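Structure first, commentary second.
As the structure is a computational prediction, the values presented were derived from the model and not from experiment.
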Amino acid sequence: MLSRLGSVQNLFKKEAGSLVGLDISSSSVKLVELSRSGGGYRVDACASEPLPAGAVIDKQISDPLAVGEAIRRAISRSGTSTRHAAVAVSGSSVITKIINLPSSLNDDEMEEQIKIEADQYIPYPIDEVNLDFQVLRALPNAPDTAEVLLAVC
């Protein structure tokens, strides 16, 4: 499923309330819950849980059950009840490309167009990756064409 990428401010819309950030390293799982507070952000909860040796090797999860259990423990320890999360993917696992599409397309149409043309932009089968996009701007010399950032992991 494609969805539009947004700035950090867009992650904290009223309906979202707060957001959990999750970091999975080779030695631990770290969790932090943030919410908007005035013009900035407030830490509402945090936790860190160790991972057993070998659960993550060379930035690849080799023991998903152990990592999942560490995430469950971190959620429990932090006391968070939010359902919105942000998880980063390491740079070596991500492909970004700026593509041009007709600016007249709405988000759903853009999503369908990207799905149709994805094999031109990514060297992996579409069913093995996650795609997302963000419309950046209309091209100054071609206002009927939009620059679109495509992110694939």
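Scanning all heavy atoms of the two residues, the minimum distance from Ala70 to Val29 falls at CB-CG2, 3.8 Å. Contact between Cys153 and Val94 at its shortest, heavy atoms only, is CB-CG2, 4.1 Å.
Counting non-hydrogen atoms of neighbouring residues, nucleotides and ligands closer than 6.0 angstrom, the CG atom of Asn106 exceeds 12 such neighbours.
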Please list every donor-acceptor pair under 3.5 Å in which a side-chain atom of residues 135-144 meets a protein atom from a residue at least two apart or in another chain.
from, atom 1, to, atom 2, distance (Å)
Arg137, NE, Glu147, OE1, 3.1

Taking only distance into account, with no hydrogens and no angle test, what donor-acceptor pairs under 3.5 Å do side-chain atoms of residues 60-67 form with protein atoms, sequence neighbours excluded?
from, atom 1, to, atom 2, distance (Å)
Ser62, OG, Gly54, O, 2.4
Ser62, OG, Ala55, O, 3.1
Asp63, OD1, Leu65, N, 3.4
Asp63, OD1, Ala66, N, 3.2

For residues 44-51, dump all side-chain donor-acceptor pairs below 3.5 Å to protein atoms at least two apart in sequence or in another chain.
from, atom 1, to, atom 2, distance (Å)
Asp44, OD1, Ser35, OG, 3.4
Asp44, OD1, Arg42, NE, 2.6
Asp44, OD1, Arg42, NH2, 3.2
Asp44, OD2, Ser35, OG, 2.7
Glu49, OE1, Arg73, NE, 2.9
Glu49, OE2, Arg77, NE, 2.8
Glu49, OE2, Arg77, NH2, 3.2

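By the 4.5 Å heavy-atom criterion applied to side chains, Phe133 and Ile99 are not counted as neighbours. At a threshold of 4.5 Å between non-hydrogen side-chain atoms, the residues Val20 and Ile75 do not count as touching. Contact annotation: the side chain of Val152 never approaches that of Asn130 to less than 4.5 Å [non-hydrogen atoms, C-beta and beyond]. Using a 4.5 Å heavy-atom cutoff, the side chains of Leu131 and Ile122 are in contact. Side chains of Val148 and Asn100 form no contact here, defined as non-hydrogen atoms less than 4.5 Å apart.
The OG1 atom of Thr96 lies 8.5 Å from the CG atom of Leu150; values are rounded to the nearest 0.5 Å. With rounding to the nearest 0.5 Å, the separation of CD in Glu111 from CG in Leu105 is 12.0 Å.
A donor-acceptor distance shorter than 3.5 angstrom exists from the side chain of Ser25 to the backbone of Ser28, with no hydrogens or angles considered. In terms of modelled atom types and a separation under 3.5 Å, the side chain of Ser78 and the main chain of Thr80 share a donor-acceptor contact.
No side-chain donor-acceptor contact under 3.5 Å links Glu33 and Thr82. With hydrogens and angles left out, the side-chain atoms of Glu117 and Gln113 include a donor and acceptor closer than 3.5 Å.
Residues Ile57 and Ile24 are members of separate hydrophobic clusters, defined by side-chain heavy-atom contacts under 4.5 angstrom among Ile, Leu, Val, Met, Phe, Trp and Tyr.
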